[in-house]
Amino acid sequence: MKIATWNVNSIKARLPTVLEVLKTIDCDVVCLQEIKCETDAFPYLEIEELGYNCAVHGQKTYNGVALLSKHQLEDVVKGLPDNEGDDQARYIEALVMCEHPIRVGGLYLPNGNPAPGDKYDYKLKWMDCLLSHATELLKQEDAFVLAGDYNVIPRDEDCWDPAVWRDDALALPSTRAAFQKLKWLGLTEAYEAADGRAHEYTFWDYQGGAWQKGHGIRIDHLLLSPQAADRLEKVEIFKKAREMEKPSDHVPIIAELTD
DNA sequence: ATGGCAACCAATGGTTGA
């Protein structure tokens, strides 16, 4: 089965592009971030036509996440548990009822710039909350995937120029340390495990011809529980999405697991 | 010295993102 994550940067502004990409990558499960619409405004009909069930945690103007699945979705959770006071729609989770059911959490981790500051504090608090939730999920000893826009550049070789990103909230040592903590819990970063090549990216800024110059960063990730990691076959970054009409600044990253 | 690009809401400019 194939699980994808993709920050679409507004689903209303580029619905034809989104539908085209979804048809092409043909995944079982897709986690979408930055849908930038309220739950009721989600284009359910168009996406259901592609064979997907939709669970949506929307928000006006900013953020907003959705889970699309060709299998039944059960036990939908909106918002990161025990993150009281967080009014931003950044997390959605459900149990995907395929042959071997798998729990999937879709997340849009805060950017955190400028750092230091309130926004960076919010990012680190959010990461700590995600760590707690992952700890709880691991106790169940079942297959699960936490996929999304982590806004984390894990290694220097995951960006085109480390000097440019050194003091950025996406690459600061505290950010990388918080991401590393998730891995130390026992989660496997799918790209690193299945491929791991340097200078492969999932985001290119719209500005300054970043795509044409190859000035990207790898910030969209899938973290797998041990039971899911055992099933990992390959990972693909769907770069073609960045060449389409009205592209998102992110492209999908897809993990393929055995059924 | 600063914008660059894109989307949003609101309104012909300000905010946010990464």
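Here is the naming used below: chain letters follow the sequence lines, and residue numbers restart at 1 for every chain.
With rounding to whole Å, A:Gln212 atom CD is found 12 Å from B:dC5 atom C1'. Here B:dG3 presents its P atom at 15 Å from CG of A:Asp205, a figure rounded to the nearest Å. The CG atom of A:Asn63 sits 14 Å away from the C1' atom of B:dA18 (whole-angstrom rounding). Distance CG (A:Asn113) to P (B:dT16): 13 Å, rounded to an integer number of Å. If you take CD of A:Gln59 and P of B:dG17, they are 11 Å apart, rounded to a whole angstrom. In this structure, A:Asp118 places its CG atom 16 Å from C1' of B:dT16, rounding to the nearest Å. Atom-to-atom, NE2 of A:His250 to C1' of B:dG17 comes out at 8 Å; the value is rounded to the nearest Å. For A:Tyr108 and B:dA18, the OH to C1' distance is 8 Å, given to the nearest whole Å.
Across B:dA1 and B:dT16, the matching P atoms stand 25 Å from one another, rounded to whole Å. Separating the C1' atom of B:dT12 from that of B:dC8 is a span of 15 Å, rounded to the nearest Å. Between the C1' atoms of B:dA10 and B:dG14, the separation comes to 9 Å (whole Å).
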Without placing hydrogens or testing angles, list every side-chain donor-acceptor pair under 3.5 Å for residues 252-259 of chain A, not counting sequence neighbours.
residue, atom, partner, partner atom, Å
A:Asp259, OD1, A:Met1, N, 2.8

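Side-chain proximity of A:Asn151 to the nucleotides B:dA18, B:dA7, B:dG17 is greatest for B:dA18. Comparing B:dA7, B:dA18, B:dG17 by their closest approach to the side chain of A:Lys246 singles out B:dA7.
Here the side chains of A:His57 and A:Tyr91 are not in contact, with every heavy-atom distance at 4.5 Å or above.
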Check step by step if side-chain contact (heavy atoms from CB on, under 4.5 Å) holds for A:Trp6 and A:Val18. CA-CA 10 Å; A:Trp6 186 24; A:Val18 170; 4.1 Å; yes
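Figure legend: A:Lys70 and A:Tyr52 shown as a cation-pi pair, the cationic atom lying under 6.0 angstrom from the six-membered ring centre and within 45 degrees of its axis. Cation-pi geometry between A:Arg218 and A:Tyr201 is not met at under 6.0 angstrom from the ring centre and within 45 degrees of the axis.
Contacts of A:Tyr201 with the nucleic acid, taken as non-hydrogen atoms under 4.0 Å apart, are absent. Nucleic acid contact for A:Asp220: none, since no nucleic acid atom lies under 4.0 Å from a heavy atom of the residue. When heavy atoms are screened at a 4.0 angstrom cut-off, A:Asn7 is found touching the sugar-phosphate backbone but no base atom. Using a 4.0 Å heavy-atom cutoff across all strands shown, A:Lys119 reaches sugar-phosphate atoms only and no base atom.
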Between the protein and nucleotides 8-12 of chain B, list every N/O to N/O distance that falls short of 3.5 Å.
residue, atom, partner, partner atom, Å
B:dC8, OP1, A:Ser10, OG, 2.5

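Taking for each of A:Asp149 and A:Gly209 the nucleotide of DNA chain B with the nearest heavy atom, the 5'-most of the two is the partner of A:Gly209. Nearest-nucleotide positions on DNA chain B for A:Gln207 and A:Pro247 put A:Gln207 closer to the 5' end.
Salt bridge A:Glu243/A:Lys240: absent, no basic N to carboxylate O contact under 4.0 Å.
A close approach under 4.0 Å does not occur between any side-chain nitrogen or oxygen of A:Asn111 and OP1 or OP2 of B:dG17. Close to B:dA7, at under 4.0 Å from its OP1 or OP2, lies a side-chain N or O of A:Arg14.
The closest side-chain donor-acceptor pair between A:Thr202 and A:Tyr191, if any, does not fall under 3.5 angstrom.
In this structure, the separation between CE on A:Met127 and CG on A:Leu80 is 12.0 Å, given to the nearest 0.5 Å.
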